[in-house]
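First up is the structure itself, then whatever we jot down about it.
Values in this document were obtained by computation on a predicted structure and should not be read as measured data. Counting starts at 1 for both ligands and their atoms, following the listed order.
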Amino acid sequence: MTQVYNFSAGPAMIPAEVLRRAEQELCNWHGLGTSVMEISHRSKEFIQVAEESEKDIRDLLNIPRNYKVLFCHGGARAQFAAVPMNLLGDKASADYIDGGYWAHSAVKEAQKYCSPNVIDVTTTIDGKRGILPMNEWKLSADSAYVHYCPNETIDGIAIDEMPDFGNKIVVADYSSCILSRPIDVSRFGVIYAGAQKNIGPAGLTLVIVREDLLGKARTELPSILDYTVLAENDSMFNTPPTFAWYLSGMVFKWLKEQGGLREMEKRNQAKAELLYGSIDRTGFYRNPVAAANRSWMNVPFQMADASLDKLFLDQAQDAGLHALKGHRVAGGMRASIYNAMPIEGVKALTDFMAEFEKRHG
Ligand code: PLP
């Protein structure tokens with residue numbers, strides 16, 4: 001069978017070794033004669049999964065003790081509502097850095113709860129999409145927090161360097177780049193991420209929240225989105241997505257075995273450089289993002305002759321290079337190269353791209 005490499009943007013990119021381990025223990029977990037998804041979330045066995053996974057992610061991200069780690073439901077979109085409802089307090093506004101599709105989606109949800117101060121930071125740099133320098137971002141004086149998205153999954157735009165927001169409470173949607181490299185958690189008020197890219201299966205959402213921000217939720221906030229309620233109940237206020245949680249815990253252990261986030265950073269940089277280098281080599285392919293703002297995780301590209309797209313995608317599929325079709329709002333192609341994608345997969349893609357160009361260039 002042809003080796004398959006899956007370049008899907010999600011849901012769920014799981015390292016092959018983790019899937020194999022999970023397969024082995026699917027029907028008989030820890031000798032219990034049953035699957036982990038069938039045992040009680042309050043059993044001592046599952047509590048151990050929960051505790052170990054929290055410890056492992058704390059180790060990986062070096063999360064300070066004054067932060068709670070919550071394992072939630074609802075995906076990142078639930079957090080688009082949970083963030084304002086938990087953090088606005090008596091303020092009427094929050095700053096929203098708008099750098100792409102997902103940041104913009106967060107604004108639209110926030111508009112239900114406040115009047116966001118939307119700061120459009122997109123610009124054109126040498127004919128490509130990019131991000132304005134930070135000194136041109138107009139933050140407001142009296143906002144409850146500032147929200148931004150460091151990796152725009154659809155646009156392929158990244159704000160890698162954490163901006164200096166002064167003493168503002170910073171909230172970040174890390175859905176598509178969490179665990180891809182080290183970050184300084186202590187500079188954030190809240191970090192959230194849908195699990196389904198670098199963490200584990202869809203259904204789980206990670207929230208890391210500084211303790212002093214708890215207890216400010218609006219009373220009408222549904223309990224299931226209330227960080228304080230979730231923290232007080234160790235993320236078990238209602239039945240958690242136990243299988244997704246368990247598998248995410250296995251991904252955390254895999255990351256530690258690989259050498260942690262410094263090692264992921266090296267690998268992700270190498271993969272991105274290989275792919276962008278190959279796209280930039282001639283004018284046959286083109287990435288629409290300015291060099292300084294290119295994502296290491298999601299790499300959109302087009303061909304000069306868009307009528308070749310279908311042929312490219314069909315032949316790539318036959319060659320075992322799957323899910324390269326661009327997002328429906330962006331078109332063209334997109335290769336998502338999360339932690340689970342080995343460099344061999346990117347090499348297979350760049351070899352295929354070079355061959356395709358030879359035949360059709
Ligand atoms: N934010 C980002 C950066 C995303 O990539 C996505 C989904 O891909 C979302 C938010 C929405 O996530 P969810 O589908 O978990 O609500």
Side-chain angles (χ1 to χ4, degrees), residues 6-14 70-86 94 96-112 116 118 121-122 129 131 145-160 162-163 170-181 183 188 190-208 222 224-225 230 235 240-241 243-245 247-248 251 268 289 293-300 323-330 334-341:
N6 181 4
F7 292 91
S8 169
M13 298 307 302
I14 313 287
L70 308 176
F71 294 85
C72 314
H73 289 277
R77 278 192 185 273
Q79 294 307 312
F80 292 172
V83 164
M85 296 284 271
N86 275 282
Y96 274 76
I97 307 301
D98 189 352
Y101 181 94
W102 287 111
H104 197 70
S105 305
V107 168
K108 282 197 273 180
E109 191 69 24
Q111 276 164 342
K112 295 181 183 169
V118 184
V121 296
T122 54
R129 288 203 306 268
I131 298 289
Y145 57 87
V146 52
H147 177 281
Y148 84 109
C149 178
N151 189 75
E152 286 288 352
T153 323
I154 296 174
D155 307 80
I157 293 181
I159 304 173
D160 288 328
M162 167 150 181
V170 182
V171 179
D173 173 1
Y174 260 89
S175 294
S176 52
C177 59
I178 187 107
L179 301 173
S180 62
R181 60 171 95 186
I183 53 172
F188 295 86
V190 175
I191 290 173
Y192 65 89
Q196 65 269 24
K197 281 91 167 66
N198 267 340
I199 296 180
L204 182 76
T205 315
L206 182 77
V207 175
I208 302 167
I224 192 63
L225 293 179
L230 292 168
S235 304
F243 189 74
W245 193 341
L247 209 71
S248 302
V251 172
N268 287 324
V289 182
N293 302 116
R294 285 174 161 184
S295 163
W296 283 4
M297 297 284 102
N298 309 97
V299 183
L324 284 163
K325 196 170 183 340
H327 188 276
R328 65 196 144 76
V329 303
R334 173 177 54 170
S336 293
I337 48 176
Y338 299 119
N339 285 345
M341 174 61 66

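The structure places NE2 of H327 at 3.5 Å from CD1 of I154, a figure rounded to the nearest 0.5 Å. Taking CZ of R294 as the reference point, atom CZ of R129 lies at 12.0 Å (rounded to 0.5 Å). With rounding to the nearest 0.5 Å, the separation of CD1 in I157 from OG1 in T122 is 7.5 Å.
Using a 4.0 Å heavy-atom criterion, the residues that approach ligand 1 are G75, A76, R77, F80, W102, C149, N151, T153, D173, S175, S176, Q196, K197.
Not a single side-chain hydrogen bond (donor to acceptor under 3.5 Å, both in side chains) links Y174 to another residue, sequence neighbours left out.
Considering I178, I337, T153, N198 in turn, N198 is the only one that fulfils the side chain to side chain contact (heavy atoms under 4.5 Å, CB included) rule with M297.
Under a 3.5 Å cut-off, the side chain of S235 and the backbone N or O of L70 do not form any donor-acceptor pair.
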